[in-house]
Amino acid sequence: MGAGPADPSFRADPARLPETRSQALRLLRAVTAGPDSYGPGYERRTPYESDPADWPVLGADCVWRQESLPAGVLGSLTRYSRLPAGAGKGEVRTAATVTVHRTAGRADWEMAETLEEALRCPDQQLRATERISVLNSIGAGYGANGNTSADDVLLEMGKYLNPDLGEKATSYVWDQVRLGPVTIAVVVEGGAGYAQGDLLAAQARSVAAMETKVRSELGARK
């Protein structure tokens with residue numbers, strides 16, 4: 001990533017940046033989106049939170065698995081929400097992930113790795129019965145392709161297949177942004193009967209809410 005200059009609208013206060021895992025966890029719990037961030041009707045899934053000591057890794061076989069946090073990461077937390085099926089439309093599933101890196105450079109490297117993963121594995125196994133396919137990705141540094149809010153932005157779209165939600169593939173949308181050493185990501189899956197624009201709107205609301213919280217927690221005081 002790093003295609004453009006750093007976001008001039010956000011400047012982290014070094015004194016407010018987490019330096020320990022416990023400080024990172026406090027930040028993660030304060031900013032990671034819950035169901036109220038997406039819109040009316042969303043609720044918690046079970047389990048609701050991931051283990052902040054875990055780190056998702058995409059193997060050479062294009063299968064996701066959990067491993068221990070790498071040395072350059074202080075913590076990572078995911079919260080899972082859902083919009084139940086109703087009114088002739090299928091269930092929508094979401095996951096919001098915030099990761100605190102030790103340095104902005106390491107966070108930038110995560111963004112680059114995420115972009116590379118979609119190119120390397122356009123079809124990926126998420127869990128035993130969940131898959132995503134025909135992934136397309138685009139990344140933009142600050143000032144490029146309409147990105148005026150973050151140091152870096154990455155958007156992925158593709159198809160999501162989960163037999164629990166029906167036999168037909170539905171939409172998969174992923175948005176990830178970086179503010180200094182913090183990355184924010186939201187995935188929205190499923191939702192048979194929903195237009196892709198509806199899913200993107202819910203995703204945008206949650207990303208914007210988390211960006212605002214990160215700026216409030218870590219931004220330099222004027």
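Excluded from the calculations below are hydrogen atoms, water molecules and symmetry mates; all remaining heavy atoms, backbone and side chain alike, are included. Being a predicted model, the structure only gives us computed values, none of them experimental.
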Discussion item. Evaluate V98 against L77 for side-chain contact (heavy atoms from CB on, under 4.5 Å), listing each step before the verdict.
Written reply: CA-CA 6 Å; V98 180; L77 181 68; 5.8 Å; no
Worksheet item: Can you check whether T94's main-chain N or O pairs, donor with acceptor, with R45's side chain at less than 3.5 Å?
Response: yes
Practice prompt. May I ask you to test the M157-V173 pair for a side-chain heavy-atom distance under 4.5 Å?
Written response: yes
Worksheet entry | Euclidean distance, Y80 OH relative to S50 OG, rounded to 0.5 Å | 5.0 Å
Item to complete: First locate atom CD of Q203, then atom CH2 of W174, and finally report the distance between them rounded to the nearest 0.5 Å.
Response: 9.5 Å
Discussion item. Using a 3.5 Å distance criterion without hydrogens, assess whether the side chain of T32 forms a donor-acceptor pair with backbone atoms of R29.
Written reply: no
Worksheet item: Is there a side-chain contact between V92 and Y42 (heavy atoms, below 4.5 Å)?
Response: yes
Worksheet entry | Donor-acceptor pair, side chain of D175 and main chain of E156, under 3.5 angstrom | no
Worksheet item: Side chain of E217, backbone of K213: donor and acceptor closer than 3.5 Å?
Response: no
Worksheet item: Quick one: are L27 and L218 in side-chain contact, heavy atoms under 4.5 Å?
Response: yes
Worksheet item: Less than 4.5 Å apart, any side-chain heavy atom of R102 and any of L74?
Response: yes
Practice prompt. For T99 and S76, run side chain to side chain donor-acceptor pair (under 3.5 Å): C-alpha distance rounded to whole Å, both residues' side-chain angles, the deciding distance at 0.1 Å, then the answer.
Written response: CA-CA 4 Å; T99 301; S76 184; 2.8 Å; yes
Item to complete: Determine whether S171 and E189 make a side-chain contact, defined as any pair of heavy atoms from C-beta on separated by less than 4.5 Å.
Response: no
Practice prompt. Taking only Lys NZ, Arg NE, NH1 and NH2, and the carboxylate oxygens of Asp or Glu, determine whether E110 and R106 approach each other closer than 4.0 Å.
Written response: no
Discussion item. Tell me if a side-chain donor or acceptor on R93 pairs with a main-chain N or O of R82 at a distance below 3.5 Å.
Written reply: no
